[in-house]
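Start at 1 and go down the list; that is how both ligands and their atoms are numbered. Both backbone and side-chain heavy atoms feed into the values below; hydrogens, waters and symmetry mates do not.
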Amino acid sequence: MKILIVGSGGREHALGWKLASSPLVDEILAAPGNPGLAEIGRCVPIKAEDMAEIAALAVREKVDLVVVGPEGPLAAGLADRLKQVGVAVFGPSAAAAELEGSKAFMKDFCTRHAIPTADFRVFDDAIRAKAFLGEREPPFVIKADGLAGGKGVILAETRAQADAAVDEILFLKKFGSAGQRIVIEDFLPGEEASFFAISDGVSAIPLIAAQDHKRAYDGDKGPNTGGMGAYSPAPVFTDAVLGQTMERIILPTVRGMQDEGRPFAGVLFAGLMISADGPKLIEFNVRFGDPECQTLMRRLKSDLAPVLMAAARGDLASVPALEWDNRPCATIVYAANGYPDHPLTGSEIRATEQASRVEDVVIFHAGTRRDEEGRLRAAGGRVLNVTALGRDLRQALDRAYHSCSLIDWPGGFYRSDIGWRALG
Ligand code: AMP
Ligand code: GLY
């Protein structure tokens, strides 16, 4: 098989790394890829958003399967485009990507199919939204309807903050057209987990859960980010919770999407709040989480290539249950100073080879580039993802942090408390 990976982050490097280990895979292409992917395959300088060029590349190179990493191209219809030109693709259609692309759609869908989620109302009018807030108690949860790069959720402690959030989204257009509508929903108490399942539109198979750390700094302080670290397994995600999640959330979603004429084929990422009465859906994403994916790929023992191909072909029922490494995995995100608001790019990163020789460590590239002399430089917010397996989470974390300490990069920072919840 020749596989084309679309995207340029740590998630895409981890997918490429895993797929390259498959005996079924002859060649990995990446568009645009990154220096990590360049070590295992061929990077082609086409942006993930350039749908016509990606489709042309897939046809020209006779690619057997395209694996789409980020949500933007999926919401814009890249999977539909590839299918039109006869290329198999792992990733949902634009219609199915609405599960992530519109929170109002997702919430109404949950109502139609009795999927447990926070009670909510949708507003496009600030006066009505504020009147509704006036009838409620804090904390308030206010969300922009559309894709806002993970920044479109505001948790407000006071009524004044909540009113300000409504104005920023609906009047000041802080999130552009993603904020034409807002969702106001109940605050859910509990512990969060990210769970993943793969669907071919008809059936679904579970992957495993991970926990992410969204805030930039230690102690869950600072601004929200795409994720500063992850670990798996997530102790809160017991076998009982897994069963409930499949029965109450994943399978009804797959059936419901099929019934509504927008079958979901790809990976369904359920952001969950684990409460006393079971899992509740916070949000759906229609792609792997980043950095959760890096953690999952390190623990997956089965060959990923036939699984993604079966999902693309509507043939998932033929796939045997996946096997996972029992050892926990930890991922530390090494970010550029100033991330997430103003990451400083361009600084040189040294000694990654030495750092990757730590036992059971694999370092994935996210926002890196090579300069003319071949030196590695920061080129984005989240720059490197240091992953490690260990006999327990403590050992996995120790190995990952030891590896981080060997990387010579004064221009970056990382959280030093990844996994704190699970360590108790
Ligand atoms: P999202 O972008 O939807 O993942 O939301 C960002 C974060 O806001 C989530 O990871 C949760 O920590 C939090 N959050 C979102 N919705 C709720 C809710 N209804 N109750 C409590 N926390 C929430
Ligand atoms: N790490 C969370 C996400 O990928 O959305």
### Query
Among protein heavy atoms, which lies nearest atom 19 (N) of ligand 1, and at what distance?
E185 OE2, 2.7 Å

### For D417 against D220, the heavy-atom pair lying closest together
OD2-N, 4.4 Å

### Query
For ligand 1, is D186 a contact, meaning one of its heavy atoms is under 4.0 Å away?
yes

### Query
K107 and T117: side-chain donor and acceptor closer than 3.5 Å?
yes

### D212 and S194: side chain donor to acceptor below 3.5 Å
no

### Task
Give the residue, atom name and distance (to 0.1 Å) of the protein heavy atom nearest atom 7 (C) of ligand 1.
V153 CG1, 4.4 Å

### Task
Could you list which atoms of ligand 1 come closer than 4.0 Å to a heavy atom of K214?
4 (O), 10 (O)

### Query
Below 3.5 angstrom, do we get any N/O pair linking K143 and ligand 1?
yes

### Query
Which of parallel (below 30°), tilted (30 to 60°) and perpendicular (above 60°) describes F237 and F195?
parallel

### Task
Starting from atom 9 (C) of ligand 1, locate the nearest protein heavy atom and write down its residue, its atom name and how far away it is, to 0.1 Å.
E192 OE1, 3.5 Å

### Task
Tell me, please, which residues at least two apart from E157 pass side-chain contact (heavy atoms from CB on, under 4.5 Å).
P139, Q161

#### Entry: For atom 3 (O) of ligand 1, closest protein heavy-atom neighbour
E283 OE1, 3.2 Å

### Message
Any salt bridge linking D125 with R181? Criterion: basic side-chain nitrogen under 4.0 Å from a carboxylate oxygen.
### Response
no

### Query
Are N34 and S8 linked by a side-chain donor-acceptor pair shorter than 3.5 Å?
no

### Query
Can you say whether the rings of W409 and Y334 are parallel (under 30°), tilted (30 to 60°) or perpendicular (over 60°)?
tilted

### Query
Does an N or O anywhere in L188 fall below 3.5 Å from an N or O of ligand 1?
yes

### Query
Are E191 and Q211 close enough that a side-chain donor and a side-chain acceptor fall under 3.5 Å?
yes

For ligand 2, output the ligand-protein N/O contacts shorter than 3.5 angstrom; if there are none, return none.
residue  : atom  : partner : partner atom : Å
ligand 2 : 1 (N) : D212    : OD2          : 2.9
ligand 2 : 1 (N) : G226    : O            : 2.8
ligand 2 : 1 (N) : D290    : O            : 2.9
ligand 2 : 1 (N) : E292    : OE1          : 2.9
ligand 2 : 1 (N) : E292    : OE2          : 3.4
ligand 2 : 4 (O) : R287    : NH1          : 2.9
ligand 2 : 4 (O) : D290    : N            : 2.9
ligand 2 : 5 (O) : R287    : NH1          : 3.4
ligand 2 : 5 (O) : R287    : NH2          : 3.0

### Geometric cation-pi criterion, R121 with F132: 6.0 Å, 45°
yes

### Query
Looking at atom 23 (C) of ligand 1, what's its closest protein heavy atom, distance included?
L155 CD2, 4.0 Å

